[in-house]
2 protein chains.
Amino acid sequence: MPKLQQIHRMDNIHRLFFKAFSNQTRLEIIQLLKKKPLTVTEICYKTGFEQSRVSHNLRCLEHCGFVKITQNGNSRVYTLDEETIVPIVNLFEKHIQKYKLRLENCWVIKDV
Amino acid sequence: MPKLQQIHRMDNIHRLFFKAFSNQTRLEIIQLLKKKPLTVTEICYKTGFEQSRVSHNLRCLEHCGFVKITQNGNSRVYTLDEETIVPIVNLFEKHIQKYKLRLENCWVIKDV
DNA sequence: TAGGCATATGATAAAATTATCATATAGATT
DNA sequence: AATCTATATGATAATTTTATCATATGCCTA
């Protein structure tokens, strides 16, 4: 018998995809890749983040389908899947403009 | 070298809004409120979550502008801001359908 | 095939998030 | 006012997430 799973239109999987966006490292990487594809080394240089930190987080982004990898010599070029990411981010824009100030009182914030 | 801070169209504020979605308690509450407005007690009953857990998380959702409160007697009715939330979630749908399986190999997942 | 880059991976320490417990506040009812 | 019900809040424990360190793997060129 297969594991019964309730069908929610919006289930836990959603949470995991949102989580991919909710972390500073990954979000900065996404920002950079919005401009153009980059190798791991380039991302490290531009962000100042350590290499393994970048690699670990890229792996997550790849599993989530947010980035695609192509090999180029001995380096790997990461490309953003713009088709899905950009619209999601843009949708947030509108909401954010409106509520950004109230966010200051939200307990999930520690650093703004 | 001075730490130059670039102006990004997509900054840390985004991360915080995404974070509001990336937690199970809040996501379940959002799911419920998609159907109809509810009081804290009703949310507790339907989810099985403890009252203070629900209240704390509702506060976060309120600061983020995801829900609105109206007083009714001595209880408070929480209503989802459908105009912003529903489109965001729907946008995720499409992406999720496509990549859900790959997510199983992602290290941010502990529970699926 | 040896050595040098580039990237990936695993284990664990460090940090951040979340739930819980105890208690406080607010409105309603007697 | 006393008390009941509903909700909120603060402090802290528990859990989860994240970064770091050490090391491994893979591709290239001499």
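Side chains included, hydrogens not; waters and symmetry mates left out as well; all remaining heavy atoms used. Residue numbering restarts at 1 for every chain, and letters A, B, ... go by the order of the sequence lines.
- D:dC27 atom C1' lies 15 Å from atom CD1 of A:Ile69, rounded to whole Å.
- Summarising the geometry, the separation between NE2 on A:His63 and P on C:dA8 is reported as 11 Å, rounded to the nearest angstrom.
- Residue B:Glu83 forms a side chain to side chain contact (heavy atoms under 4.5 Å, CB included) with just one option from B:Asp81, B:Ile85, B:Val86, and that option is B:Asp81.
- Within the structure, every side-chain polar atom (N or O) of A:Asn74 is placed at least 4.0 Å from both OP1 and OP2 of C:dT7.
- The ring of B:Phe21 has its center closer than 6.0 angstrom to the ring center of B:Phe66.
- Taking side-chain N and O atoms only, A:Tyr78 has no distance below 4.0 Å to OP1 or OP2 of C:dA6.
- The nearest heavy atom of DNA chain C to B:Gln51 and to B:Gly73 marks one nucleotide each, and the one closer to the 5' end goes with B:Gln51.
- Here D:dT15 presents its C1' atom at 12 Å from CG of B:Asn23, a figure rounded to the nearest Å.
- A cation-pi contact, defined as under 6.0 Å to the ring centre and within 45° of the axis, links B:Arg53 to B:Phe49.
- The interatomic distance linking B:Arg59 (CZ) with C:dT18 (P) rounds to 13 Å, in whole Å.
- Residue contacts for B:Ser75: at a heavy-atom cut-off of 4.0 Å it reaches the sugar-phosphate backbone alone, with no base atom in range.
- Considering only side-chain N and O atoms, A:Thr25 lies under 4.0 angstrom from the phosphate OP1 or OP2 of D:dA19.
- For the pair B:Arg53 and C:dC21, the criterion of a side-chain N or O lying under 4.0 Å from OP1 or OP2 is not met.
- Atom pair B:Ile43:CD1 and D:dA6:C1' shows a separation of 13 Å (rounding to whole Å applied).
- We find that CD of B:Gln71 is positioned 12 Å from C1' of C:dT25, with the value rounded to whole Å.
- Taking side-chain N and O atoms only, B:Asn57 has no distance below 4.0 Å to OP1 or OP2 of C:dT18.
- Nucleotide D:dT20 holds its P atom 9 Å from the CZ atom of A:Phe49, rounded to whole Å.
- With centres under 5.5 Å and a plane angle under 30° as the test, the ring of B:His56 is not stacked against the base of C:dT18.
- Whole-Å rounding puts the A:Leu16 CG to D:dT16 P distance at 13 Å.
- Just one of A:Ile88, A:Asn90, A:Val89 meets the side chain to side chain contact (heavy atoms under 4.5 Å, CB included) condition when paired with B:Leu91; it is A:Ile88.
- Of the N and O atoms on the side chains of B:Thr39 and B:Arg76, not one donor lies less than 3.5 Å from an acceptor on the other residue.
- Contact annotation: B:Arg76 does not reach the phosphate of D:dA6 (side-chain N/O to OP1 or OP2, under 4.0 Å).
- Counting only heavy atoms from C-beta on, A:Ser52 has its side chain closest to D:dC21 among C:dT18, D:dT9, D:dC21.
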